[in-house]
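As the structure is a prediction and not an experimental result, all values here were calculated from the model.
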Amino acid sequence: MEPITAPADQWTWVPFPDSACGNGEPTGIGVNLHPGSRRVVIFLQGGGACWDGFTCYGVQSAVNLTSGYGPRQFASETRGLSGFTLFNRGNARNPWRDANLVYVPYCTGDVHAGDRIIEHRWGSRLERTFHVGARNMDAFLARLSRTFTDAERVTLSGLSAGGFGAAFSFSIVPTK
């Protein structure tokens, strides 16, 4: 498994063929590498949750579950990321402005913590659903650990479902 390489201080999509969104399609992560930094911030995207046919396919309470998440969605979202203090390198008050940034999209409906493929019934349909957020995190972290071998501090954060995912993944993310 190769370390991630990307242009400095620029958002770059990194595909992970061994990952899956709720629809079974692979996803990836976004990175914004800052040369010389030994700090890493991993941010888990939020977006609701689902656990059965009604919540996943009826009210669709989790983002990107059926559409998946790939380079096109990431490119669209990165235009607005600098509006968030965490991702704004130009903000002198941002304590992470010189850190390596990692953006983990959310597309499994399981608060980044599932390890199950299941068929949810919605009406007369059976929908095969990949609630494999924990498997994805394992794959992402394996490659990130090869990328940031000299990290002195790793910060794990998230919003909404990503906040729950950060809590569930806290014990598997090395912080030093």
Exercise. Looking at Arg89 and Asp9, does any basic side-chain N land under 4.0 Å from a carboxylate oxygen?
Worked result: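 Salt bridge between Arg89 and Asp9, a charged N being under 4.0 Å from a carboxylate O: yes.
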For this session: Check His112 against Leu44 and note the closest heavy-atom contact, atom names and distance.
Result: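 For His112 and Leu44, the tightest heavy-atom pair comes out as NE2-CB, 3.7 Å.
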Problem set entry | Least distance between heavy atoms, Val111 atom then Ala49 atom |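 Closest heavy-atom pair between Val111 and Ala49: CG1-CB, 4.1 Å.
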Problem set entry | Flag, side chain of Asn100 to backbone of Arg39, donor-acceptor distance under 3.5 Å |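 Indeed, once roles are kept as given, a pair shorter than 3.5 Å links the two residues.
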Problem set entry | Exercise: do Asp52 and Thr55 side chains pair donor with acceptor under 3.5 Å |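 Side chains of Asp52 and Thr55: pair found under 3.5 Å.
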For this session: Assess the side chains of Tyr103 and Thr78: does a donor N or O sit below 3.5 Å from an acceptor N or O?
Result: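 There is no such pair (donor and acceptor under 3.5 Å, judged by atom type) between the side chains of Tyr103 and Thr78.
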For this session: Applying side-chain contact (heavy atoms from CB on, under 4.5 Å) between Ser19 and each of Val132, Asn136, Thr108, Ile29, report the one that passes.
Result: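 Running side-chain contact (heavy atoms from CB on, under 4.5 Å) over Val132, Asn136, Thr108, Ile29 with Ser19 returns exactly one hit, Asn136.
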For this session: Say whether Ile118 and Phe130 are linked into one hydrophobic cluster, either directly or through other cluster members, by side-chain heavy-atom distances under 4.5 angstrom.
Result: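 No: no chain of side-chain contacts under 4.5 Å links Ile118 to Phe130.
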Exercise. Are Leu156 and Tyr106 connected in the hydrophobic side-chain network, where two residues link if heavy atoms are under 4.5 Å apart?
Worked result: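 Hydrophobic grouping puts Leu156 apart from Tyr106.
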Exercise. Any ring pair (Phe, Tyr, Trp, His ring centres under 6.0 Å) pairs touching residues 10-31, not counting sequence neighbours?
Worked result: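 Output for this query lists Trp11-Phe74, Trp11-Phe87, Trp13-Tyr69, Trp13-Phe74, Phe16-Phe140.
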Exercise. If you round to the nearest 0.5 Å, how far is CH2 of Trp96 from NE2 of His34?
Worked result: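 Here the rounded value is 15.5 Å.
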Problem set entry | Within 6.0 angstrom of Glu2 CD, more than 12 heavy atoms from elsewhere |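 Result for CD/Glu2: open.
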Exercise. Should Phe43 and Leu81 be marked as a side-chain contact (heavy atoms from CB on, under 4.5 Å) after you check the CA-CA gap, both sets of side-chain angles, and the distance that decides it?
Worked result: CA-CA 11 Å; Phe43 178 82; Leu81 286 181; over 6 Å; no
